[in-house]
Amino acid sequence: MSYIQRSLGEGERIVAIGHFHWLYTAKAVLAPILPAILLAAVLLYAKGDSREAFIIAALVLLALGVIAFLRLMVCRWTTEIGITSHRFVKKTGLVALHTNEIALHNIEGVRVRQSIWGRIWGYGRLRIEGTGVDAVELPTIADPVAFRRSIETAKGLEYSERPVRVPS
């Protein structure tokens, strides 16, 4: 069960969950694959005295690629981003738990950043700004405009679910 599901209060429900874009995973997977291809090419085609130096360089690049893969994927595996009917939640951490939560009524603005490639491929970043709270930066997610729309939808739900006070 995810952190967001475990932390729901009474009457609170999940409105939207943010997901990493598939290109994020592709980048992580390519990080060790490209150096492995280079290493194979060096082993097959390098001749002479410089062969050992090329092999060492390719092995170093492969090690860096594996480290990059693990860094990116651990971030992907341990990050949860969601909107509930009452709040925005970002949870990170593998061993230690770190959360950023902003009540929906405290969200002042949401900034979407998409490059031209992000617009074409459907990914981008969000910065959620709250009152009295530092802004929360999200990693690159799929369809950031839809996620922003979900925040606005959830804010509308929050206001419609509040009890109406009748003057006496």
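All figures in this text were calculated on a predicted structure; none of them were measured in a lab.
A single hydrophobic cluster is not seen to contain both Trp117 and Val112; linkage of ILVMFWY side chains at heavy-atom distances under 4.5 Å, directly or through other members, places them apart. Val89 and Ile102 end up in different hydrophobic clusters when Ile, Leu, Val, Met, Phe, Trp and Tyr side chains are linked at under 4.5 Å. Phe69 and Leu94 end up in the same hydrophobic cluster when Ile, Leu, Val, Met, Phe, Trp and Tyr side chains are linked at under 4.5 Å. There is a path of hydrophobic side-chain contacts, each under 4.5 Å, that joins Val15 to Ile151.
Here the CG atom belonging to Leu70 is positioned 6.5 Å from the CH2 atom belonging to Trp77, to the nearest 0.5 angstrom. Atom CD of Gln114 and atom CZ of Arg125 lie 12.5 Å apart (nearest 0.5 Å). Taken from CD1 in Ile128 to CG in Asn100, the straight-line distance is 9.5 Å, to the nearest 0.5 Å. Rounding to the nearest 0.5 Å gives a distance of 9.5 Å between CD1 of Ile107 and OG1 of Thr131. If you take CD1 on Ile55 and OG on Ser50, they are separated by 9.5 Å, rounding to the nearest 0.5 Å.
Around the CG atom of Leu44, the shell of radius 6.0 Å holds more than 12 heavy atoms that belong to other residues, nucleotides or ligands.
In this structure, His98 and Ala96 approach most closely via the heavy-atom pair NE2-CB, 3.8 Å. Shortest non-hydrogen contact noted between His86 and Gly11 is CE1-O, 3.9 Å. The shortest non-hydrogen separation linking Leu104 to Ser85 is CD1-O, 3.5 Å. Thr78 and Lys91 get closest at one heavy-atom pair: O-NZ, 3.0 Å.
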Using atom types as modelled, flag every donor-acceptor pair under 3.5 Å from a side chain in residues 23-36 to any protein atom, sequence neighbours excluded.
from, atom 1, to, atom 2, distance (Å)
Tyr24, OH, Leu72, O, 3.1
Thr25, OG1, Arg76, NE, 2.8

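For Phe54, the ring-ring contact (aromatic ring centres under 6.0 Å, His included) test picks out no residue, with sequence neighbours left out.
Sorted by first and then second residue, the pairs that involve residues 105-119 and meet salt bridge (Lys or Arg N to Asp or Glu O under 4.0 Å), not counting sequence neighbours, are Arg111-Glu129, Arg113-Glu137.
Only one option out of Leu39, Val66, Leu38, Ile56 pairs with Leu61 in a side-chain contact (heavy atoms from CB on, under 4.5 Å); it is Leu38. Considering Ile83, Thr99, Thr84 as possible partners of Ile4, the one that fulfils the side-chain contact (heavy atoms from CB on, under 4.5 Å) test is Thr84.
Counting only distance, with no hydrogens or angles, the side chain of Arg13 and the backbone of Leu8 share no donor-acceptor pair below 3.5 Å. Proximity of a side-chain donor or acceptor of His21 to a complementary backbone N or O of Trp121 within less than 3.5 Å is detected.
Using a 4.5 Å heavy-atom threshold, the side chains of Arg87 and Ser7 count as touching. You'll find the side chain of Leu138 reaches within 4.5 Å of the side chain of Phe88, heavy atoms only. By the 4.5 Å heavy-atom criterion applied to side chains, Asp143 and Val145 are counted as neighbours. In this structure the side chain of His19 never reaches within 4.5 angstrom of the side chain of Ile81, judged on heavy atoms. Side-chain atoms of Tyr123 and Trp22, non-hydrogen and from C-beta on, never get closer than 4.5 Å to each other.
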